[in-house]
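Beneath this line is the structure, given in structure tokens, with notes to follow.
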Protein chains: 4
Amino acid sequence: MKGLNKVMLIGNLGKDPEVQTLEKNIKVAKFSLATTESFKDDKGQIHTLTDWHSIVLWRGLAELAEKYLHKGSTIYIEGKNKTRAFEDKQGIKRYVTEIIGEQVLMLDKKES
Amino acid sequence: MKGLNKVMLIGNLGKDPEVQTLEKNIKVAKFSLATTESFKDDKGQIHTLTDWHSIVLWRGLAELAEKYLHKGSTIYIEGKNKTRAFEDKQGIKRYVTEIIGEQVLMLDKKES
Amino acid sequence: MKGLNKVMLIGNLGKDPEVQTLEKNIKVAKFSLATTESFKDDKGQIHTLTDWHSIVLWRGLAELAEKYLHKGSTIYIEGKNKTRAFEDKQGIKRYVTEIIGEQVLMLDKKES
Amino acid sequence: MKGLNKVMLIGNLGKDPEVQTLEKNIKVAKFSLATTESFKDDKGQIHTLTDWHSIVLWRGLAELAEKYLHKGSTIYIEGKNKTRAFEDKQGIKRYVTEIIGEQVLMLDKKES
DNA sequence: TTTT
DNA sequence: TTTT
């Protein structure tokens, strides 16, 4: 271990995961996750603030996402921040930060 | 508490922090932090991979950064991921993800 | 910040919280929390293992526990490990490690 | 993943690790780790408080401890809380909570 | 752009 | 029992 890059989130999926199957049958799932925070302003009024996170899951976790996660699901996810460069339609270099999930825990009560 | 948005990093500053003083004497410090990971490939060969993170510190933590942190400093930082929109020079909407620090721990041995 | 002492748990209360009111109307809540882990043994068989944690909540968090938490509740809790000495009935010094909660997030779906 | 049981510490070893070799050449290292916290009291006076943690490392991490860690070493450790029962010399059942390390990062600047 |  |  040479450094630490850890992200831990509890929140809800904004949409159903988008799952792709790559060569060798490796799957990737992508979705955005909302985390909500509430805080008091100077006047004691409670406000709510939502952050959106771009989540990427690989292999077994992508399969779990495909099977069990959907819009609105509440999950705990642990992973790492990765910023990668890509070119947009105009050929301009842009950056996006994604969270590569390493552990996922489903937090919805089973509706039996 | 309504959700969890937590980031924990241990790494090194790529450059000295850039510190601005805003109205009411509030300070903001910005810098990038490298976290390093090593892993073995299929052939057992060890590789090293660096991720860069954009860090933002406010108020007291910005003052600490200004006083004590510099290029190469090793720190532990705990905070949250925030993605914000901004317009680039061409007026195109772009996004950047920053880590807003809430706790900072300096990990350099004091060179006495 | 001089060091890091952080514990993060997601699990279920083993019993209803025991709440005491101390002087100045300060409340303390205590309960045990089960975290469950599953793993495969050498033969690929899945096993389940439960760890029990002694949780202590003060003030506002104790009031939250009193009002909303009960046997079986699922929570996320963030806090610190504290080991304290006490004397048992025979006057022998013993030790117990408790997690002093600093953040609590209720993870049960509201049953509307 | 069915629950979360995570502990993260940054602190210093109180003594050199005690390393045992078990059957099949499996090693276990044990040591106590001090985490230090500073806080202001009602009068704005700064106080310092130390917590002691019992750390257990297995296999490769035990070997790393044996080779590189000693009294005073600063480390980051990530692991889980485990409480286990044992019988003391009088045959009375007692409990101890240990942190089973899963990741260790050495934070001492190399003194070249 | 860092560090080992 | 550590460290600053």
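Atoms considered below: every heavy atom in the structure, side chains included; atoms not considered: hydrogens, waters and symmetry mates. None of these values were measured; they are calculated from a predicted model. Letters A, B, ... are given to chains in the order of the sequence lines, protein chains preceding strands, and every chain is numbered from 1.
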(Q) Can you work out whether D/Ser32 or D/Thr48 has the more 5'-proximal nearest nucleotide on DNA chain F? (A) D/Ser32
Q: Identify the heavy atoms of D/Tyr76 and D/Leu107 that sit nearest to each other, and give their distance.
A: N-CD1, 3.6 Å
Q.
Are more than 12 heavy atoms, taken from residues, nucleotides or ligands other than C/Asp88, located less than 6.0 Å from that residue's CG atom?
A. yes
Q: Quickly work out the B/Leu13 CG to E/dT1 P distance and round it to whole Å.
A: 15 Å
**Q.** DNA chain F: stems of at least 3 consecutive Watson-Crick or G-U pairs whose donor-acceptor distances fall under 3.5 Å
**A.** none
Q: Quickly work out the D/His47 NE2 to F/dT4 P distance and round it to whole Å.
A: 22 Å
(Q) Using whole Å, what does the distance between atom P of nucleotide E/dT2 and atom NZ of B/Lys15 come to? (A) 9 Å
Q: Check the distance between E/dT1's P and B/Leu49's CG and give it to me in whole angstrom.
A: 17 Å
Q) Which part of the nucleic acid, if any, lies within reach of D/Gly72 when heavy atoms closer than 4.0 Å are counted: base, sugar-phosphate only, or nothing? A) sugar-phosphate
Q: State whether the side chain of B/Asn81 and the backbone N or O of B/Ile99 hold a donor-acceptor pair below 3.5 Å, judged by distance alone.
A: no
Q: Look up atom CG in D/Leu64 and atom CG in D/Leu57, then write down how far apart they are to the nearest 0.5 Å.
A: 8.0 Å
**Q.** Taking every non-hydrogen atom, the tightest pair across C/Val19 and C/Ala29
**A.** CG2-CB, 4.0 Å
Q. Tell me: NZ of B/Lys30 to P of E/dT2, nearest whole Å?
A. 21 Å
Q: Could you pull out all residues at least two apart from C/Lys6 that satisfy side-chain hydrogen bond (donor to acceptor under 3.5 Å, both in side chains)?
A: B/Glu78, C/Glu78
Q) Do the charged groups of B/Asp51 and A/Lys82 touch, with an N to O distance under 4.0 Å? A) yes
Q. Which part of the nucleic acid does D/Thr35 contact within heavy-atom distance under 4.0 Å: base, sugar-phosphate only, or nothing?
A. nothing
Q.
Counting distance alone, no hydrogens or angles: does the base of F/dT3 have a donor or acceptor under 3.5 Å from a partner atom on the side chain of D/Thr74?
A. no
Q) Looking at the side chain of D/Thr36, which of F/dT3, E/dT4, E/dT3 is the nearest nucleotide? A) F/dT3
**Q.** Gap between atoms CH2 and P, on D/Trp52 and F/dT2 respectively (whole Å)
**A.** 6 Å
Q | For atom CD of D/Glu37 and atom C1' of F/dT4, their distance in whole Å | A | 15 Å
Q) What's the CG-C1' distance between C/Asn5 and F/dT3, to the nearest Å? A) 15 Å
